Every structure is written in structure tokens, then in C-alpha cells.
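Within every chain, numbering begins at 1; the chains are lettered A, B, ... in the order of the sequence lines, protein sequences first and strands thereafter. All of these numbers come straight from a predicted model, not from anything done at the bench.
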Amino acid sequence: MADAAQSARAAELRALVNDANYRYHVLDAPAIPDAEYDRLLRELEAIELACPELRTEDSPTWRVGARADSAFAEVAHALPMLSLGNAFDDVEQQQPELRHREVADFVRRIVDETGDPSPVFSVEPKLDGLAISLRYEQGVLVQGATRGDGSTGEDVTANLRTIHAIPLRLRGEAPAVLEVRGEVYMPRAGFHAFNQRALERGEKTLANPRNGAAGSLRQLDPAVTAQRPLAFYAYGLGAHEGFELPATHSQTLRQLARMGLPVSPDVETARGLEGLIDYRRRIDAKRDALAYDIDGVVYKLDRFDQQRAMGFVARAPRWAIAHKFPAQEEMTEVEAIDVQVGRTGAITPVARLKPVQVAGVVVTNATLHNADQIARLDVRVGDTVIVRRAGDVIPEVLAVVAERRPPDSVPWTLPGACPACGSAVVRPEGEVVARCSGGLFCPAQRKQALIHFASRRAIDIEGLGERMVEDLVDLGFVQSVADLYRLSLDDLLELKRRADARDGSTPETAKAGKVATRWAENLIEAIERSRSPSLERLLFALGILQIGEETAKALARSFGSLQAIRDADPILLLAVPDVGPKVAGSIASFFAQPHNNEVIDALLANGLVAQATGQPSASLATRLDLGHLLRAAKQLGAPLVRLGDTSVVRIAEVRRDLAALEAAGEGGLTALGVSADAAAAVFASLADPYWGPRLRAVDAVMMALRSAAPHEVQGGPLVGKTVVLTGSLSAMTREEAGARLEALGAKVAGSVSRKTSIVVAGEAAGSKLAKATELGVPVWDEARLLAFLAAHPTGA
DNA sequence: ATACCTCGAGTTCG
DNA sequence: CTCGAGGTAT
């Protein structure tokens, strides 16, 4: 049992050690010598060993914890970790104001949209490390996670604890919850010292500080991480509770520093474009003298209210940008030019390069994108080329060194046949990419389709990567994605046996057998776990051309079930936001292929269940009116060329569905002010053997949706009102605003007419606002809209 | 009809 | 990360 003296001494030692860390890492002013620090730490360890109950959660002796058993747990970030848009200099440009065009555009957008002629930015070096999030509860570090895909990362708490720059307890008054975002990096001095020592001991060296930092955090054994010279700088906040948020980013960073979190000493504030460029020039000048590697600088709009006004696009904020330094360039030789076949059959030429070090890693491959790119650069086998890592990551061939070209070289030409299946390679008129015409007959495309299906952002089958898929397809175990759900443990073991036999490696020891069983069980379990994906993930996973994550999400939300999408006519699909004629056609033709339907039916038969809302969204029903029907049919090629947009609007205002339109007859349309030509075109389309039935079928679906959709909001404050949104909103997207308004009973229209009840004008509103003023339609600004929405909460 | 802007698709290396 | 192209707003 601990006595009072021991307890007091332990508390004192904790304070001393934590304070020493703070002074060293945050204030950059060490107060005690290293040897003294070590002595204090050892004394604390000794006390805690004797009296384990004295080992508090924030004790610095926790810095080396237990080994993780296999993988890191997933952690959902309470607030997503953002990625930044990039700006590069136009190196060709001599005039400075044009050289920084992208940064100038960034500043101009901010000036335009905030109305602040000289906005203030918080500016900082962009460290070349690994972004992480630290969660403090009641001031104690409880969890640390990598960025991952932005919404979910990996729990690397044990490894982060070993980093002395990361406080285990915050100083001063602790908020209930504080998530701190920052960069774990390896200081250059530490990197060199580490490699020096590794070299002396004959151990593996680190390729570069960046990989050193990333690799260190992924160590399963924290004791290994503890040996790595890692450091940390905080640069932002995630979720927080009980934390009084200052008005600006720079004040927040100062507050974090007061709480004991290290912040880069090179963080400053700058005003306007000139301030940004000046800061960047100064950092560039001292780049080599910095203690850490950087790949650029980051500009963040300092005032949080202005940040909110700018909002986001997809995952990136519009109020911050990374201004990167030009990438390092190296010379090497092209040994060969191969082609790869992608998921969609796209034929991509790849340069096989003589290995060369570029910005810290050895590059051997570089994509050449397409035949145009090769022609533009005139790259040939045997050429000496200049290579760089674009954004310091992806290798890219910049140019050919003409003087070094061997005399016998010949221009590269696109192969006429697919290297994987021999089918013809076709390149449609006007398109840049050439494609293998083999479709799913082509093994390369089949493999890519499987890899895509299993990938993390799609169905997410852990352990089913490229290697695995290769074997499964080559050895005939899997033809389509549906076959995955039929695989048994025995199948996988058999696969493994045959693959080993093929590769000539047959370590038939008992241990290897166990490992194989374990591996097969894991894969089966991963497949099992993937049986109930969300509808949007399933849609994305199917690999329909043009359907990425966002479009899949929009489709899932609009239709609510896979079957509804399979049945949907392109006219209906066009009612989905972001779906136009091309995308709608792509979806329709995918579901028109018997083979695809067989695979989907097999998937369902094999127990795959998409988790759908089951309810088509209200917004789909509201978008679908007679006007949409006519407009969409016209876009898709119905004989309605004579039907102008104003006529469509007139018709849609008066007639609710086709039955009403037909009852009115051509005369009824001309009475609405529609030209005789246009009215005739409408009825001609209805009489058309192809378009007539289609229009009627879609009309029927439309009416069914109307009655089923929950959009007939009883007593909604906006029932019977038509609202038009224009310009850009800051607090939400137009999409969201539209959905909120619809939930209140409004009909959201695309253009302003006399019938429009309200026009909501965001920033930079254009002609619609002018028209609204002209027609005397009431105009709301964003504040008015937000106030209204706040006053009329909808359950959502 | 035109200008932006966002999304999709393909890709590297450890 | 970059490029091309589809979609939407003007």
C-alpha cells in the first residue's frame, strides 16, 4: 500500500516530468538536462512499480504501453479530418502576379464571398509527416488516431503516447472534450541520427523522414515506436465540448499552446494575397534551415465566421489551401513502355524506369496517362526523361531530354489488341482514353472489377486485394463478384495449395498449414461481414461507369432501393441531382445488360442484402413533375425539339400529369400560350411508338411516387409555395437547403417566374435574382433563410 | 452557348 | 494527385 509521502512524491514527479516535456517541446526552452529528466522518470517508475495504484492515467510512464495484437482498431472521427486543396506555382510564368494565379484565385474567392477586401490568414509551414487526431477527455489523452480516409482512421494511441511532444494531460482548465489535429513528423536531425545508428548496427535505415514517421506509427509494438525520433505540432481542432472557441484560428492555436500542445514556431498571420506570398517566400528561403521537412505552406482564413461563410466542397474546405513548393526532379531512362488495363477497360501506358531516387523514394514506374500524353511528350523506349513526384507522391514523366535520345528510337504506338484478352482496343472519336472492347470477357477487367468491389470505399472486404483476386480468377475460383459469396473455407485452402504449387513454394509444415487456415478463416469472415452493405456502397461497388461515391449516394437517397434503380427509366434518373443524360444512359445500359442482371440476382441469391432506406426521397417526388418529364425526354432524344423551355414551364404550371395534359388536347396547350408547333410535338411524342409508352410508364411511376413519398407535409409552413434557390449558400449546400425547404412543404423550382413565391439569394446570385426583383418576387438572403429554418425545425 | 466546378477514374510506393 | 468530362449556373 502506498503511504502519503510516496503518493505526494509520485504526484510531484509526474508534474516535474510533464513540465519538463512542456518546456522542451512547447516552449522550446529546456529547463532541466536530459540526464535529470531520465532520473526523475526512473524514480517515478520505481514508485509506480512498488505501488501500482499510484500509476495515474496521465503518468508519463505510460508512454510505452502494451503491444497491439494484430491490427489497429478503427476509429470514427467525431468531426471528419479534412484534406486541403492545393495550389502550385506556374513556373513558366515570369510575372509574379501570374505565377501565383491559383493562390490569387483562392484569395479572390474569399474577398468576393466574404466582402472583406483584405482578409487575414493564419499561415503555417506544411509539415511532411502524418496527420493525426488526439482526443482529450477532461484533459487526459484518451485516444489518438490516424487520418485514414478522413472520417475513419486507425487507433494508434499506444504509439502516440510514446511521443514526448504529445502531452498526456493538458495544462490548466481542461475542457470536457477536446480533439486536437496535428502532424506527427520526424525532425531531420533525429532522422539522420537514427539512420546513422541503424547503419552502424547493420539495421534497416528509413527511406526518408516522412515514411519514417508514417511507418513508425504503424508499428504494432509501441516499444519500437518509442525508439523513433518523432515529434508533433498541433494545427487545428476537431470536436470539442466545454471549450470556449476563440474567434480566430490563430487565437485557437495560441490557446492550444497554453494548454501544453506544441505549435510550430513558424506559424504567423498574414494579410491579403501579398501577405501570403511574402510569407511563402520567407519560409522558402529558410526551408533548408528548418528542423523538419516541409512540402509547402498552408493558408487558412483566420476568422471562424469567415470560414463558415466559405464552407466546403466535398471533403475540402474552401477557406484553406496548401501552397506547395515545386517538386524535386530527377533524370532516368525509360526501359519499356507497358500498358495496363483498368476496371473500365481503359488502356493506360506505363513507363518502366531505371530505378531512381526522387524525393526520398525509389521510383521505377510512372504513368503516362494516355496516348495523347505520350505523343505530346514524344516519349520513346530508351529515352532519358525527367521525372518528378507530383505533389511529392505520384511519379510523373515531365519531359524527354532530346539530346540523349538514341538514334535508332521509334515513336511509341498504341497496341491494337488488349494485352490481357486480345480483344480490339478502340478509341472513340474525340475521346482521350483507349479501351479494351472485351468487357467482362477480359480477365484484366474482371479482376479490376473484383478489386473495386472489394475495396474499402466500396463493399470493403478486408484481405481481398490484388494478389488474392489474381489467384481467385486465374485458378478459376471466381468469375464474378457473386462468386465471392459462395466461397467456402475448403475452396480457399484448395486455392492456397494450388497457388503454392504453381509458384513452386511448398513449405508443407504444420505451422504453414495453421497459418493458411487462419488466413482463410479471416477472409471468409471478412466476406461474411460484407453481406449487408449500405445501398450507396453497393451501387458504387457494382462499378457502373460514371457512378462514383457521390453519384451512388445521390441515387441511393433518391430511390431508396436497388430494385427501384434497376427499374428506373433514364427519364426518372435525370431527376436525381448531378445525373445528366450521359450518367443516366450509363446506368440504364448497365442494367440493360443481361449479364449484369445475372450477377446482381446471384449476389442477392447468395445472401447479399443492401441496407436501404426503403423510401424514395421526398425531393425526388417534388422534382418529378410534368415539366421534368418533357424536359428529360427532350434531352434524351424524344422528338420535342420544337418545345422550348418557357412552354415546358407553362405546361407544368397548369397540368399535373399526362392524363391532364391529354385531356386538354393540343388546343388546351396552345391556350396556355404554347406554340402550335410545340403542342404538336408533344402529342407527336405521345403517339410515338417508342416514346409514348415510355412517357406514360414514367408518368405512372411519378404518380406512384407522389402518393407514396412523405412530401405532402400536412400543415407545413411552405405548403403551396414555390421557392427558387440561387447563388451559393455558406451554411449548407443548395441541395441541403432545397431538401429542408421541401420538408416544410415547399416546391423547389429551378427558375423564377411570376408563380415563384420566394427567391433565396446566396452570394454571387445572378440573373435569377435580377428576374425576381423585376417580377417583384420576395427575395430572402441566407440569414433570413436560416432564421426561417431555425424557427421551423423538421425532425431530420 | 459558355464558364465554372465537381466528380470519376486511374495510379505509386511502402 | 491529376486529368478529363459531365453537370449546373449564368
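- Closest contact between the side chain of A/Lys582 and the listed nucleotides B/dG14, C/dG6, B/dT11 involves C/dG6.
- Residue A/Gln373 is classed as having no contact, given no heavy-atom separation below 4.0 Å to the nucleic acid.
- Rounded to whole Å, atom C1' of C/dG7 lies 14 Å from atom CG of A/Leu636.
- Taking for each of A/Arg435 and A/Thr364 the nucleotide of DNA chain B with the nearest heavy atom, the 5'-most of the two is the partner of A/Arg435.
- Annotation: A/His323 is not in aromatic contact with A/Phe106 [ring centroid separation under 6.0 Å not met].
- Proximity note for A/Glu550 (side chain, C-beta onward) versus B/dG8, B/dC13, B/dT11: the nearest is B/dG8.
- When distances are taken from the side chain of A/Thr551 to each of B/dG8, C/dG4, B/dT11, the shortest belongs to B/dG8.
- A salt bridge does not link A/Arg210 with A/Asp293: every distance from a Lys NZ or Arg NE/NH1/NH2 to an Asp or Glu carboxylate oxygen is 4.0 Å or more.
- Here B/dG10 presents its C1' atom at 14 Å from CZ of A/Arg457, a figure rounded to the nearest Å.
- The distance between atom CG of A/Leu545 and atom C1' of C/dG7, rounded to the nearest whole Å, is 16 Å.
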- Given A/Arg388 and A/Glu396, is the salt bridge (Lys or Arg N to Asp or Glu O under 4.0 Å) satisfied, shown in steps? CA-CA 5 Å; A/Arg388 74 166 173 201; A/Glu396 174 187 30; 2.9 Å; yes
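- Distance, A/Asp105 CG to B/dC4 P: 9 Å, rounded to whole Å.
- Set against B/dG10, C/dG7, B/dT12, the side chain of A/Arg343 has B/dG10 as its closest nucleotide.
- Comparing A/Arg352 and A/Arg109 by the nucleotide of DNA chain B that holds the closest heavy atom to each, the one mapping nearer the 5' end is A/Arg109.
- In this structure, A/Asp578 atom CG and B/dG8 atom P are separated by 8 Å, rounded to whole Å.
- For A/Thr364 and A/Arg352, the side-chain atoms include no donor-acceptor pair closer than 3.5 Å.
- Nearest nucleotide to the A/Val363 side chain, out of B/dC7, B/dC13, B/dA9: B/dC13.
- Between the CZ atom of A/Arg388 and the P atom of B/dC13 there is a distance of 16 Å, given to the nearest Å.
- Taking atom CG of residue A/Leu555 and atom P of nucleotide C/dG7, one finds them 12 Å apart after rounding to whole Å.
- Looking at heavy-atom distances under 4.0 Å, A/Val433 makes no contact with the nucleic acid at all.
- With sequence neighbours excluded, the residues satisfying side chain to side chain contact (heavy atoms under 4.5 Å, CB included) with A/Arg427 are A/Ala371, A/Asp372, A/Ala434.
- Between A/Leu574 atom CG and C/dG6 atom C1' the separation is 12 Å, expressed in whole Å.
- The side chain of A/Asn365 places an N or O atom within less than 4.0 Å of a non-bridging phosphate oxygen (OP1 or OP2) of B/dC13.
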